[in-house]
Amino acid sequence: MIEADEVLDVSGMACPMPIFRVKQALSKMEAGKVLKVIATDLGTRKDIPAWVKHTGNELLDMSEEDGKFIYLIKIREKS
Amino acid sequence: MKRLAIIVREDAYDRILTPLAFAYLGAASDMEVDILFVNWAARVLTKGGAENLKVSKEHEGSDEMIKAKVAEAGLPTDVYEIIKALKATGKVRMYVCSLAAQIFDVTKENLVPEAEDIVGATWFLLEKAQKADVVLTF
């Protein structure tokens with residue numbers, strides 16, 4: 001079980017806000033930390049993996065629980 | 001650094017949300033985003049021009065419903081608030097086309113401070129659109 005350092009709940013929000021909020025949250029966290037994102041927007045199932053790959057971060061896990069999508073994102077080393 | 005160029009033509013509330021959403025996403029994806037507001041959209045970058053936009057005529061009467069849904073999605077319902085948020089990312093630059101400025105009475109004096117400048121379309125084409133990795137038009 002991967003422990004998250006911080007949790008961001010963007011339930012109810014729709015594109016583009018989940019990605020925008022994830023970006024804001026990650027920018028305030030240290031490299032190597034893990035952010036847990038909880039979302040309900042169906043678009044995040046493809047948006048978040050694509051965005052994480054594009055930005056050089058790491059998607060440790062994604063799952064669905066009770067209609068919510070859970071993502072665990074590990075922050076990349078800051079350049 | 002990847003670059004995104006966007007050309008926005010219309011100022012109807014429901015039609016300007018999509019390009020601004022893409023600008024948000026570009027900025028969040030560490031892209032440099034340049035937006036040229038042409039035609040009616042030029043007025044959006046004037047003082048007071050973005051605050052009370054109406055939905056397009058074909059969807060007349062749906063203003064309240066759309067704004068309620070936009071709020072639910074987490075976006076500011078006021079387009080000027082979106083413009084300010086885009087500028088605050090430090091990744092988004094917004095320009096008004098000089099031809100549109102002339103037609104729709106947009107001057108440097110009545111531009112909102114978030115707008116960079118009134119520019120020629122040739123400059124935008126050669127320096128922004130041609131050099132961009134992605135170009136979107138709306």
Side-chain angles (χ1 to χ4, degrees), chain A residues 6-60 62 66-79, chain B residues 1-6 8 13-35 50 55 62 64-94 114 132-134 136 138:
Chain A
E6 291 194 31
V7 177
L8 175 70
D9 190 346
V10 292
S11 297
M13 291 184 181
C15 179
M17 297 316 290
I19 290 293
F20 196 67
R21 291 291 169 83
V22 169
K23 163 77 173 174
Q24 284 182 325
L26 291 189
S27 66
K28 293 173 186 162
M29 293 173 66
E30 293 175 14
K33 298 287 187 185
V34 174
L35 176 68
K36 178 180 181 179
V37 181
I38 304 166
T40 51
D41 180 9
L42 287 170
T44 60
R45 294 174 303 167
K46 288 198 180 293
D47 277 356
I48 287 184
W51 183 85
V52 167
K53 183 180 177 188
H54 173 81
T55 54
N57 294 294
E58 184 180 356
L59 185 61
L60 300 176
M62 60 184 286
D66 301 325
K68 296 201 172 192
F69 307 108
I70 315 294
Y71 306 90
L72 289 169
I73 303 170
K74 187 175 180 183
I75 319 291
R76 69 177 175 194
E77 293 299 322
K78 310 272 179 176
S79 54
Chain B
M1 184 74 69
K2 296 285 186 182
R3 296 171 68 167
L4 168 62
I6 302 175
V8 189
Y13 184 81
D14 49 328
R15 291 184 175 164
I16 205 157
L17 289 175
T18 305
L20 298 183
F22 272 102
Y24 256 126
L25 294 170
S29 301
D30 292 330
M31 299 176 88
E32 293 293 331
V33 183
D34 292 288
I35 313 176
V55 299
S62 54
E64 285 188 18
M65 179 275 289
I66 291 177
K67 287 186 179 178
K69 294 290 186 185
V70 166
E72 270 181 39
L75 272 168
T77 55
D78 184 333
V79 170
Y80 187 44
E81 293 301 317
I82 298 176
I83 286 170
K84 287 194 282 188
L86 290 174
K87 180 70 177 178
T89 66
K91 296 281 187 185
V92 180
R93 292 174 297 274
M94 292 166 275
E114 290 76 19
D133 299 281
V134 180
L136 300 174
F138 293 89

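First the proteins, then the strands, lettered A, B, ... as listed; each starts at 1. Computed from a prediction, not measured in an experiment: that's the story for all the values here.
- Neither the backbone nor the side chain of B/A71 comes within contact range of chain A, judged by heavy atoms closer than 4.5 Å.
- The closest donor-acceptor contact from the side chain of A/W51 to the backbone of B/L25 lies at 3.5 Å or more, if one exists at all.
- Sparse packing is recorded around CZ of B/F22, with 12 or fewer heavy atoms of other residues, nucleotides or ligands lying under 6.0 Å away.
- Between atom NZ of residue A/K23 and atom NZ of residue B/K91 there is a gap of 6.0 Å, rounded to the nearest 0.5 Å.
- Separating the NE2 atom in A/H54 from the CG atom in B/D30 is a distance of 6.0 Å, to the nearest 0.5 Å.
- No other option in B/T89, B/L75, B/V70, B/L20 has as many heavy-atom pairs under 4.5 Å with chain A as B/L75.
- The nearest pair of heavy atoms linking A/T55 to B/S29 is CG2-CA, 4.5 Å.
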